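I have placed the structure first, in the form of structure tokens, so that the comments after it can refer back to it.
Given the structure is predicted, the values throughout are model-derived calculations rather than measurements. Just so it is clear: chains get the letters A, B, ... in the order the sequence lines come, proteins before strands, and each one is counted from 1.
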There are 2 protein chains.
Amino acid sequence: MHRNKTTLKSIAADLGITHTSVSNAFNNPAKVSSKLQKKILDYAKSINYHGPNPAARSLRTGLCGAIGIIYNDQLSYAFSDPHDIAFLRGVATVCEERGTNIVLIPLKNNDLNNFESLDAMVDGYILNAPYKSNPTTQRALAKGLPTVVVDFDAPLHISVLTNDASVMREMTDHIISLGHRKIGIITFPLTEGSHDLFTLDRKLETDNYVVNQRMIGCREAISGKGIKLNSILVRETINSRNGGAEAARHLLELQPDITAFICFSDRLAYGVMAECQRLGLDVPGRVSVTGFDDLSPPDMNSTLPALTTIRQDAYAKGRKAAEALLNKDEKQSRRINIEATLIKRDSTATK
Amino acid sequence: MHRNKTTLKSIAADLGITHTSVSNAFNNPAKVSSKLQKKILDYAKSINYHGPNPAARSLRTGLCGAIGIIYNDQLSYAFSDPHDIAFLRGVATVCEERGTNIVLIPLKNNDLNNFESLDAMVDGYILNAPYKSNPTTQRALAKGLPTVVVDFDAPLHISVLTNDASVMREMTDHIISLGHRKIGIITFPLTEGSHDLFTLDRKLETDNYVVNQRMIGCREAISGKGIKLNSILVRETINSRNGGAEAARHLLELQPDITAFICFSDRLAYGVMAECQRLGLDVPGRVSVTGFDDLSPPDMNSTLPALTTIRQDAYAKGRKAAEALLNKDEKQSRRINIEATLIKRDSTATK
DNA sequence: AATGCTTTGTTTAACGTTAAACTTACCTAT
DNA sequence: ATAGGTAAGTTTAACGTTAAACAAAGCATT
């Protein structure tokens, strides 16, 4: 007994051997006779030693067996979003297979000198954080650790993406083919915190890849069909049911003859449908509504029609992201595509 | 430039000062003139230094600004359980307020020498792991770090508990007051992996506190009502819809005149109701069913009756657990109670 | 003008581990 | 019998940081 703290060194001293052998007993059994290893491990267990100190090991090896997940939103918000949860489940499944820990890194507000943040002990990051110019996002990218980005265009990194543009074109084609001409688009913010109103012809400057791609899809479908881009209103709002409801109300005030709402998330769409219901506008009789994500309805007793939407496999996204991050070999930047598909249900109908 | 790696030391060398001052510029501004601090931070930023290495800091200070969450189940399973997710949201909310990272620690299978596991860098644990004798649980407790246990009786630690016994007594009273005498109880395993059949008089040896308490509640309510404890069948099964369905089928084979199922989770209850429906037994006309947790129905188009169940506030549990762990002052072991309440709905009726 | 306090910065040591280079002993093959 | 190889263990140094003790200078108080 030399100190009150048990370490490799103290064990070695107790046993009259060198601490390296103790280390090897844990990490490098081949370098120690099995007899000695047993002796060491038995003794370690008997004095309630729990294995080499992770911080010290990490300092020495530069590795720590954990990956960090970064969101733009509050963590508590992520855990109310079925999409984010499914994503996390995908990540967790892979990490479980490999014995990797997952570090959830909350956004820190007390970022006094721009340095406090983001000091997690991780070997790499998964950025599920769609706003490119977000400071935390930027800082994570700047760190230079292996990083996989999701729904985010970062040419120098591995990115997991969905065919947002093409599937949104398909969705818009579906709406147009049903005869709709007066269409309102409801999206979450193009840049963090923005909530503007504009028309589809506007040149977009957004740092949200997903919004950008979906907007492109809409535009491609609409242009050339005899519909003017500048007649299509686009409303930004926060990604929630209330946001959707409010946006729908606003758009209907401006253009009472709108017959279809294309929403960039199911949450928004459910808000829109609820608002239409409240206003006495039948869905899909009077107004068609579409979503994105394919989540379950928020309310178990919902009387809303089944939502026409786009399914994206968030679980698969999580899996792919984690696999890409943990597979040593694939260092190169590359794009991993997870196919999203249009699902026609009962919230859309002919005009 | 001394090495290719940027460290406090290399910055100090570049600036011709001592590395302690650089450290102080980040952690201890009072110990450095504001002029020098600015100089250091500016320089650090200019060469893309991201703050002191967390592993080294952690090694030196013994702290790391993160807490670990341990489940008995697979993580991926936790992320499909609304109860666990709400719990996690509660934990995350608190951690967000305090800037603490959350480490999700998967159960490791490759536990070769009983030492590999559980080497996360954390300052404390939240054990959301109800089986006391689970090896990972034991190991976490043995580590001696600050630990909060949930749904788990550990007199030496802070525990977050629900009034399982009393609320279950209330539920059973409710069932009996409706006239039911032939009752089947369906529970998840008393010990990890067990799946027995027994009667309510059996002396229980379980290492799952929650099951134990709920069983006590049932027994208290039943005894003295002229119902023999050894006439009440208890069936263990895995906590899933299928488990519930299978258990119900089994119990009905043994006792076709059962008129009420008391289930220890909503998952089980939904499975039971579905099975009854399949067997042509009306719920609640022919059979009453009760749950525990108050989750939404699994299926959006469910034709099942609204479940009589017990609501427990998993979010509050998470909050309380995290607060108790992070509040320095409250070192003492103590019990934190989160009240659960009986919610009568449509799945129970008079016999 | 001497005393003591504060501010600012420095030196030194230690946190617990693992990688690399080194020693010794033992075994095998010629 | 000797060289060469392997096995088992040891010594040394380093990972990047922070805490503590220390030194020097500046300032106010008497």
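- There is a side-chain donor-acceptor pair under 3.5 Å between B:Ser76 and A:Glu96.
- If you measure from atom CG of A:Leu8 to atom P of D:dG9, you get 16 Å, rounded to the nearest angstrom.
- Neither OP1 nor OP2 of D:dG16 sits under 4.0 Å from any side-chain N or O of B:Tyr49.
- Of the residues near DNA chain C, A:Leu59 and B:Ala30, the one whose nearest nucleotide (by heavy atom distance) lies more toward the 5' end is B:Ala30.
- In this structure, CE of A:Met121 is placed 14 Å from C1' of C:dG16, rounded to the nearest angstrom.
- For B:Arg57 against D:dT17, a side-chain-to-base donor-acceptor contact under 3.5 Å is absent.
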Identify the pairs formed between an N or O of the protein and an N or O of nucleotides 22-25 of chain C at a distance under 3.5 Å, and give each distance.
none

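- For C:dT18, the base has a donor-acceptor partner in the side chain of A:Arg60 [N/O atoms by modelled type, under 3.5 angstrom].
- A salt bridge does not link A:Arg98 to A:Glu323: none of the charged side-chain nitrogens sits closer than 4.0 Å to a carboxylate oxygen.
- Taking side-chain N and O atoms only, A:Lys9 has no distance below 4.0 Å to OP1 or OP2 of C:dT17.
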Between N or O atoms, less than 3.5 Å apart, protein on one side and nucleotides 9-11 of chain C on the other: list the pairs.
from: C:dG9; atom 1: OP1; to: B:Ser33; atom 2: OG; distance (Å): 3.4
from: C:dG9; atom 1: OP2; to: B:Ser33; atom 2: N; distance (Å): 2.8
from: C:dG9; atom 1: OP2; to: B:Ser33; atom 2: OG; distance (Å): 3.3
from: C:dT10; atom 1: OP2; to: B:Thr18; atom 2: N; distance (Å): 3.2
from: C:dT10; atom 1: OP2; to: B:Ser21; atom 2: OG; distance (Å): 3.1
from: C:dT11; atom 1: O4; to: B:Thr20; atom 2: OG1; distance (Å): 2.8

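- B:Ser23 comes within contact range of at least one nucleobase, with a heavy-atom separation under 4.0 Å.
- Checked options A:Leu41, A:Ile40, A:Val32; the residue passing with A:Val22 is A:Ile40 (criterion: side-chain contact (heavy atoms from CB on, under 4.5 Å)).
- Between A:Ile40 atom CD1 and C:dT17 atom P there is a gap of 13 Å when expressed in whole angstrom units.
- Among the nucleotides D:dA19, C:dG16, C:dT18, the one closest to the side chain of B:Thr61 is D:dA19.
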| request: For A:Leu325 and A:Ile158, run side-chain contact (heavy atoms from CB on, under 4.5 Å): C-alpha distance rounded to whole Å, both residues' side-chain angles, the deciding distance at 0.1 Å, then the answer. | output: CA-CA 8 Å; A:Leu325 185 56; A:Ile158 298 176; over 6 Å; no
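- The 12-atom threshold is exceeded at NZ of B:Lys132, counting heavy atoms of other residues, nucleotides or ligands nearer than 6.0 Å.
- Here C:dT7 presents its C1' atom at 15 Å from CD of B:Gln37, a figure rounded to the nearest Å.
- Note that the two end axes of the helix from C:dA1-D:dT30 to C:dT30-D:dA1 enclose an angle of 30°, each drawn from 5 base pairs, rounded to 10 degrees.
- The listed nucleotides are D:dT18, C:dT17, D:dT17; the one nearest the side chain of B:Asn53 is D:dT17.
- Note: B:Tyr49 and B:Phe26 meet the aromatic proximity criterion, with ring centroids under 6.0 Å apart.
- Looking only at atom types and distance, the side chain of A:Tyr43 has a donor-acceptor partner in the side chain of A:Asp14 under 3.5 Å away.
- We find that CZ of A:Phe26 is positioned 18 Å from C1' of C:dA19, with the value rounded to whole Å.
- Among the nucleotides D:dA19, C:dG16, D:dT17, the one closest to any side-chain atom of B:Asn28 is D:dA19.
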